[in-house]
There are 2 protein chains.
Amino acid sequence: MKRIADSTVRRLSAYLRFLEESARRGITTISSDELAKRGGTTSAQVRKDLSFFGSFGKRGLGYAVDELIDSLREILGLGRQWSVIIVGAGKIGTALAQYEGFRRRGFIVSAIYDRDPRKVGESVSVTGTELNVRDIAQIERDIARDKPDIAVLTVPGEDAQALVDRLVRAGVKAILNFAPVQLRVPADVALRSVNMAMELEGLSFALSNRNPTAVHADR
Amino acid sequence: MKRIADSTVRRLSAYLRFLEESARRGITTISSDELAKRGGTTSAQVRKDLSFFGSFGKRGLGYAVDELIDSLREILGLGRQWSVIIVGAGKIGTALAQYEGFRRRGFIVSAIYDRDPRKVGESVSVTGTELNVRDIAQIERDIARDKPDIAVLTVPGEDAQALVDRLVRAGVKAILNFAPVQLRVPADVALRSVNMAMELEGLSFALSNRNPTAVHADR
DNA sequence: GCTAACTTGTGAAACGATTCACAAAGGAGC
DNA sequence: GCTCCTTTGTGAATCGTTTCACAAGTTAGC
């Protein structure tokens, strides 16, 4: 029961994406080396990543594309649909709600919230349907009733930690945070943060230090 | 000079954010331990991170908040303004253009592009001003003339690599990618990627494997 | 059935990042 | 000036991840 590194999980996602593309092109078999080239890593890394979960290849031959896709989807928990709520109906929140890539991968946006009374009741078109913005005041009740799997947080930084605390208390076990702050959650809650200001600062640093520091990081 | 790890740069951003908050609250001095608590790390880590760039504290006392803010801004290259172009005027591109956090930190959106003729010419309100969506066809000419520092890529995955190649050929040295694909750039171009599908898959994995029993056992 | 060509799966080695632990330095009280 | 308390800066130890290197399994050709 080994702990799987975050970087490993990210690479598995990348492999899956490339495998799906390969399948669409009719490729049926692929080697760890081909997979590595496209994922920007090495064949040993690919094999090591997969070896945490079992052995999926055939020596001398490589991996069966369709089988490996199935295995990776299983490993990543993509064999089912996940329901997602979006907390914060600002520009980014509504843009995410409308991003069809989510639905395509099984992440279904089931509700969107804001605390601004002027926004509550407004209609947001989510791929395939329409959702009305709900009042954040009712979020605890809704969570108790609907048991969403994942909350996406797109509120101003000042409000983020207080909202996370409410979400966690209400029983949310996975949060994707877009607010530009460092959040604290209990150990049993999964948290990922996307901090665009931080990414831009990373680029700023790279541009300012264009010495040997070959910053070429695509996680 | 030693190569600075990506994780270090991210933490420096986090320290800076917390320091700015502390300054607003009137705190003038801070220890590595306080800084660590808030950044979710350890005091030794904080001191090590800073030690790559010099020695900024006073033994027995800690760090002067204002001085450390200045030093970090200098290190991260935030002592100047950076001009940013946004490539792709879809939902996410326009949402980012309007995100005022960028401007506040010195990242000025100077142009936004799309290839859809119906979008070209449309007006997008960027904090403080208005920008007209330009035709991607003219992006090489514009880059040669305006020399933007950073390009933010918010186009569909299928188009992303081809566009990156054009941007790189035109002389762009830093790219922030939002397309859900693994991009290749030359070593002298800084690249950061934000892949929301990958983040959601990371949460999916965490939710699926949270009874840490099923994950791997044998050998 | 044998050989050659290939590719996986995996211990071991190398590498890189984090944490430890402590000497050095600054401030406060007397 | 001396002692005590605090906190930095940093070499050394530790820990975790990546890369190496090779035995073992698979296919193809003859």
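Every chain is numbered from 1 and lettered A, B, ... according to where its sequence line falls, protein lines coming before strand lines.
For A/S7, a side-chain nitrogen or oxygen approaches OP1 or OP2 of D/dT18 to under 4.0 Å. Taking only side-chain nitrogens and oxygens, A/S51 never comes nearer than 4.0 Å to OP1 or OP2 of C/dG9. Taking only side-chain nitrogens and oxygens, B/S55 comes nearer than 4.0 Å to OP1 or OP2 of D/dG9. Note on B/S31: every side-chain N or O is 4.0 Å or more away from OP1 and OP2 of D/dT7. Here A/R47 reaches the OP1 or OP2 of C/dT8: one of its side-chain N or O atoms lies under 4.0 Å away. Contact annotation: A/Q45 side-chain N/O to D/dT19 OP1/OP2 distance is under 4.0 Å. Residue A/Y63 has a polar side-chain atom (N or O) positioned under 4.0 Å from OP1 or OP2 of C/dG9.
Other residues, nucleotides and ligands place no more than 12 heavy atoms under 6.0 Å from the CZ atom of B/R115. Atom CD of A/Q98 sits in a crowded spot, with more than 12 heavy atoms from other residues, nucleotides or ligands closer than 6.0 Å. Summarising the local packing, CD of B/E74 is surrounded by 12 or fewer heavy atoms from other residues, nucleotides or ligands at distances under 6.0 Å.
Residue A/R59 places no side-chain atom within donor-acceptor reach of the base of D/dT26, judged by atom type and a 3.5 Å distance cut-off alone.
In this structure, B/E67 atom CD and D/dT8 atom P are separated by 14 Å, rounded to whole Å. Atoms CG (A/D6) and P (D/dG16) sit 15 Å apart, rounded to a whole Å. Taking atom CD of A/E34 as the reference point, atom C1' of C/dC6 lies 12 Å away to the nearest angstrom. Rounded to whole Å, atom P of C/dT8 lies 12 Å from atom OH of A/Y15. Taking atom CG of A/L61 as the reference point, atom P of C/dT7 lies 9 Å away to the nearest angstrom. Atom pair B/R10:CZ and C/dA17:C1' shows a separation of 15 Å (rounding to whole Å applied). Nucleotide D/dG9 holds its P atom 7 Å from the CG atom of B/L50, rounded to whole Å. When the P atom of C/dT8 is taken as reference, atom CZ of A/F53 falls 18 Å away, rounded to whole Å.
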May I have the step-by-step check of salt bridge (charged side-chain N to carboxylate O under 4.0 Å, His left out) for B/K91 and A/E100, ending in yes or no?
CA-CA 11 Å; B/K91 286 280 166 356; A/E100 62 187 83; over 6 Å; no
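Side chains of A/E34 and A/S31: a donor-acceptor N/O pair is present below 3.5 angstrom, by distance only.
Counting non-hydrogen atoms under 4.0 angstrom, B/T8 reaches nothing in the nucleic acid.
Between A/K48 and B/S32, the residue anchored closer to the 5' end of DNA chain D is B/S32, taking for each the nucleotide with the nearest heavy atom.
Side-chain proximity of A/T41 to the nucleotides C/dT7, D/dT17, D/dT19 is greatest for D/dT19. Considering only the side chain of A/K58, D/dT27 comes nearest among D/dC20, C/dG27, D/dT27.
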